[in-house]
Visitor: 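Sharing a structure, written as structure tokens. Questions coming.
Ligands are counted one by one from 1 in listed order, and the atoms in each one are counted from 1 as well. In this chain, residues are counted from 1 in sequence order.
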Amino acid sequence: MEKIQNYINGKFVAPKAGKYFDNIEPAKGIAYSLIPDSQAEDVEEAVSAAQAAFPGWSGLSIEDRGDWMMKLSNGIAARMTEFVEAESRDNGKPIKLAEHVDIPRAISNFKFFATGIQHFASESHEMVGVGINYTLRKPLGVVGCISPWNLPLYLFSWKIAPAMATGNCVVAKPSEITPYTAYLLCKVMEDIDFPKGVLNIVHGFGHTAGDAIVRHKLTKAISFTGGTTTGKTIATIAAPMFKKLSLELGGKNPNIIFDDCDFDEMMSTTIRSSFANQGQICLCGSRIFVQKGIYERFKKEFVEKIKKSKVSYPTDPKAQLGAVVSKSHMEKVLSYVELAKEEGGTILAGGHQVKLDAPYDQGFYLAPTIIEGLKFDCRTNQEEIFGPVVTLTPFETEEEVLMMANSTEYGLSATIWTNNLKRAHNLANEIDAGIVWINAWLVRDLRTPFGGVKSSGVGREGGWEAMKFFTEAKNVFVKY
Ligand code: NDP
């Protein structure tokens, strides 16, 4: 079986202890490659390489740094098919999703920050007749980036691209569940002779390799995307060490549908916002609130359409949903379906595993699931499930739906469907979320701030926010 390797100081290296564990293909439920079980000693070597590379990399002109980042972007594009197939195989997502979303967006992330850094100006504040302050924004040194499995290369590149563009050197760990495209990125670095030690990728488990990155005294900042519980653990370690922290965590996002919306557009987008990537996108709208006047019509059409959606192996061009990422995740999602029943919910669609024919008969497939009849504050409606499961809840007034939407500990994103301008703006203003879409979903402009409130995270990624996070401001005053 193929052995994935770490990439440290510009070289593919085995983990020092020589241990590996299985990389499972979700579509088939069997191992297809081996992942390094890296430990603190491997992270130590990666941090040393990054530290040694820092003076050279941060000393490059921004044009030269931008050029290297563009080469990375182009290098992925040149191996597009390989990346698309690998992402779909590693994660279980339909190949067309990897082709249209994951890999193109990873390519864009590098391109965006390669060019963005050319326009990153710092502030000056004149004190009339006294002097002038100017602010330098210096790279931090070595930074740690840790990413999840749902959009593997897309979210990995969303961190490492701004970190490197601003002059930092990186030690990064992709999710152990989906390491393959990060490994392919190392092959791109080899193809283009990317400067050694600037990006070091260490594979392994969160509690060992990830923990060592967070604890290392030389990692000055940690940029993390993942679950809220892991975010808390990381904050407990990193905060007393006074590291900069960016935490992008879980969500339980409301999708609020008013009577006056454009019904057909809302319906086709709601199908995506509920079940794209098997519901494993932190921005999916898993709590659907529908105003009473259109509740029955919505329910009937939504259930009919969802019952017809095709759950299939990822390489099937007709697959609308592929496999969920792992057996344990599939079991977790199914346990929430059982909980929903105990809490008085009615399953309108799905609620079970889907068995495909060989060779996919051991894969992790779930039918898209719609549940109604639950109280807004029950566990099914409060806890993140992160799978193809949505709940339907009717509402009458704006006040009522706002109260229910804001009732969870999370606050990542929200979607509002209405043609009432005043209501749309009022609700967007009142809702607890870092990102609000009105009559749309998942429209992304890389310049905008990205992140959540409450237990959905701390800090913002994207645009200048990311570049500010990965730099330290130093103010200098000069007397006239
Ligand atoms: P996890 O929190 O389990 O893991 C995320 C990453 O952190 C993985 O690389 C993981 O390694 C690592 N990790 C785990 N424990 C530690 C530790 N103690 N120290 C350092 N690193 C650690 O999340 P998932 O991978 O399960 O991703 C799903 C979650 O991510 C969901 O909650 C989802 O909402 C959230 N998410 C948030 C987004 C946002 O932008 N707000 C976007 C996408 C997802 P390992 O592989 O071993 O687990």
Visitor: Quick check: are there more than 12 heavy atoms from other residues, nucleotides or ligands sitting under 6.0 Å from NZ of Lys196?
Guide: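 Not buried by this count: 12 neighbours or fewer within 6.0 Å.
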Visitor: I'd like a table of the close N/O pairs between ligand 1 and the protein (anything under 3.5 Å), one pair per line with both atom names and the distance.
Guide:
{"unit_1": "ligand 1", "atom_1": "2 (O)", "unit_2": "Gly227", "atom_2": "N", "d": "2.8"}
{"unit_1": "ligand 1", "atom_1": "2 (O)", "unit_2": "Thr230", "atom_2": "OG1", "d": "2.6"}
{"unit_1": "ligand 1", "atom_1": "9 (O)", "unit_2": "Ser147", "atom_2": "O", "d": "2.9"}
{"unit_1": "ligand 1", "atom_1": "9 (O)", "unit_2": "Lys173", "atom_2": "NZ", "d": "3.0"}
{"unit_1": "ligand 1", "atom_1": "11 (O)", "unit_2": "Lys173", "atom_2": "NZ", "d": "3.0"}
{"unit_1": "ligand 1", "atom_1": "11 (O)", "unit_2": "Gly206", "atom_2": "N", "d": "3.3"}
{"unit_1": "ligand 1", "atom_1": "19 (N)", "unit_2": "Gly206", "atom_2": "O", "d": "3.4"}
{"unit_1": "ligand 1", "atom_1": "23 (O)", "unit_2": "Gly227", "atom_2": "N", "d": "3.3"}
{"unit_1": "ligand 1", "atom_1": "25 (O)", "unit_2": "Trp149", "atom_2": "NE1", "d": "3.2"}
{"unit_1": "ligand 1", "atom_1": "26 (O)", "unit_2": "Trp149", "atom_2": "NE1", "d": "2.8"}
{"unit_1": "ligand 1", "atom_1": "30 (O)", "unit_2": "Gly226", "atom_2": "O", "d": "3.3"}
{"unit_1": "ligand 1", "atom_1": "32 (O)", "unit_2": "Glu384", "atom_2": "OE1", "d": "2.6"}
{"unit_1": "ligand 1", "atom_1": "34 (O)", "unit_2": "Glu384", "atom_2": "OE2", "d": "2.5"}
{"unit_1": "ligand 1", "atom_1": "41 (N)", "unit_2": "Leu249", "atom_2": "N", "d": "3.3"}
{"unit_1": "ligand 1", "atom_1": "41 (N)", "unit_2": "Leu249", "atom_2": "O", "d": "2.7"}
{"unit_1": "ligand 1", "atom_1": "46 (O)", "unit_2": "Ser175", "atom_2": "OG", "d": "3.4"}
{"unit_1": "ligand 1", "atom_1": "46 (O)", "unit_2": "Glu176", "atom_2": "N", "d": "2.8"}
{"unit_1": "ligand 1", "atom_1": "46 (O)", "unit_2": "Glu176", "atom_2": "OE1", "d": "2.3"}
{"unit_1": "ligand 1", "atom_1": "47 (O)", "unit_2": "Glu176", "atom_2": "OE1", "d": "2.6"}
{"unit_1": "ligand 1", "atom_1": "47 (O)", "unit_2": "Gly206", "atom_2": "N", "d": "2.6"}
{"unit_1": "ligand 1", "atom_1": "48 (O)", "unit_2": "Glu176", "atom_2": "OE1", "d": "3.3"}

Visitor: Any salt bridge linking Glu465 with Lys468? Criterion: basic side-chain nitrogen under 4.0 Å from a carboxylate oxygen.
Guide: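 Salt bridge: no.
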Visitor: Please check if any side-chain donor atom of Tyr32 sits under 3.5 Å from a side-chain acceptor atom of Asp90, or the reverse.
Guide: yes
Visitor: So that I can tick it off, tell me whether Lys220 and Glu472 are bridged by a salt bridge, with the cut-off set at under 4.0 angstrom between side-chain N and carboxylate O.
Guide: no
Visitor: Output all residues satisfying ring-ring contact (aromatic ring centres under 6.0 Å, His included) with Phe112, sequence neighbours left out; order by chain, then residue number.
Guide: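 Not a single residue meets the ring-ring contact (aromatic ring centres under 6.0 Å, His included) criterion with Phe112.
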Visitor: So, are Lys159 and Glu461 salt-bridged, with charged N and O less than 4.0 Å apart?
Guide: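 Looking at Glu461 together with Lys159, the answer is yes, because their closest N to O distance falls below 4.0 Å.
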